[in-house]
Each structure stands twice: as C-alpha cells, then as structure tokens.
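Reviewing the structure listed below.
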Amino acid sequence: GYEQTYMLGAREAKAMGAALFVSEFGDDPKHDSVILANELLQQEKHLVGFAFWAWKENGGGTWGVYAPAKIGGCLRAARERLLARVYPRASGDPALNYHYDPDTGGFTLTAHGRAGDPATIVFIPPEVQGPVAVSGAAPELVTGADGSRVVTASPSGGPFSIAVAPAPLAFSDCG
C-alpha cells in the first residue's frame, strides 16, 4: 500500500539527502475519480511532490490531459479539476499539514515556525479563485501574468495558517 511505499521512499530519499518526488504516474481518464484522486490525496498526505506527465493526443489515445476531439488545447475538465491544485512549494516546517479540495477550490495549511525560520511558499493555480487568508505569519502575495498566485508566509513565532476560501473554479475555455 501507499504507507509502506512512501515510508521506504522517504527513508531512501533522506539517506541520499534528496526530496521524495513521484516523477510519473497516471491512469486512463475514465478512472480518474478513483485512481488519480486517491494517488493525489496520498501524495498530499505524505508531503510528496509530483509531476504528472501528459501529452497532446493526435487521435486514438485516451491517457492525456487533452481531449482528442479538441486538439487545439482543450483540457479534459475532470482531469484539470484534479491537477490544477494549490500546494506548498517550500516550507521550513517538515511536519506541516495541508489539504486541497478539488471540488471547491478550498485549501488549508497549518504549520509552526519561529521568527526568522524559512518562509512557507504556496502556489495557487489560475483556476483557483478564492480569497487568501494568512494567520500568524507575515504574508506576501504575488500574482503572475497567467493569474496564478504565490503566497509567501514568513513565520512570526508559533503556529500559522494559510487558507484559500472555497470559490467557483475557473477552468480552461473549451468553447
């Protein structure tokens, strides 16, 4: 199961002085609600980074992020909902806890830090539109040209949190 796999992977990564990272995973899109959703939830639970490798399909294939009928770049909505997620890029707290809800766009992160500890950096993709709230840390919010946002929260001592309120998601236009 996931527990043993991630425990052994984390042990090996620590021995090498590396981060644990899942470099390729996925499934047939018709199974995303079960397989992909659970893979992403386990990676979140175990604080594991990932890269979801996908390709534009040009007919016949079904495993990509793009719908074959819309070769011009139409993302499969269900897959975009799962993969366009809020996540921490970096943190000084190795025991932080976070959760992203792909159905609502809501996100919560709790962590601890002393004043002067490294900041926690959270990436918010452009699909996620909810307002950001930071408590117990000095925040900086930067918006990218694509509408993505990056929150940098510098701890002021003790527990702190970063949240994105649930709000309607803004998916790619496939018109």
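Y100 is listed as a side-chain neighbour of V128, based on a closest heavy-atom distance under 4.5 Å. Side-chain contact between Y6 and V48: present, with at least one pair of heavy atoms (C-beta onward) separated by less than 4.5 Å. Side-chain contact between H31 and L36: absent, with no pair of heavy atoms (C-beta onward) separated by less than 4.5 Å.
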### Task
Show your working on side chain to side chain contact (heavy atoms under 4.5 Å, CB included) between L40 and R85 and close with a plain yes or no.
CA-CA 10 Å; L40 293 167; R85 47 198 313 110; 3.7 Å; yes

### Query
Given L96 and L109, is the side chain to side chain contact (heavy atoms under 4.5 Å, CB included) satisfied, shown in steps?
CA-CA 7 Å; L96 68 79; L109 178 145; 4.2 Å; yes

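The line from CD of E3 to CG of L8 is 11.5 Å long, rounded to the nearest 0.5 Å. Note: Q43 CD to Y87 OH = 12.5 Å, rounded to the nearest 0.5 Å. Taking NZ from K30 and CD1 from I35, the interatomic distance works out to 10.0 Å, rounded to the nearest 0.5 Å. Rounding to the nearest 0.5 Å places OH of Y98 at 6.5 Å from CG of L47. Once rounded to the nearest 0.5 Å, the distance linking CD of E80 with CG of L82 reads 10.5 Å. Rounding to the nearest 0.5 angstrom, the gap separating the OG1 atom in T152 from the CD atom in E140 is 5.0 Å.
The main-chain N or O of R114 is found under 3.5 Å from a side-chain atom of D117 such that the two form a donor-acceptor pair. A donor-acceptor distance shorter than 3.5 angstrom exists from the side chain of S156 to the backbone of G136, with no hydrogens or angles considered. A distance-only check finds no donor-acceptor pair linking the side chain of R149 to the backbone of T143 [under 3.5 Å].
For the residue pair D93/S91, the side-chain donor-acceptor check at 3.5 Å is not satisfied.
Ring centroid separation for the pair F25 and F50 comes in under the 6.0 Å cut-off.
Scanning all heavy atoms of the two residues, the minimum distance from F123 to V150 falls at CD1-CG2, 4.2 Å.
L83 and F21 fall into different hydrophobic clusters, where Ile, Leu, Val, Met, Phe, Trp and Tyr residues are linked whenever their side-chain heavy atoms come under 4.5 Å apart, directly or through other members.
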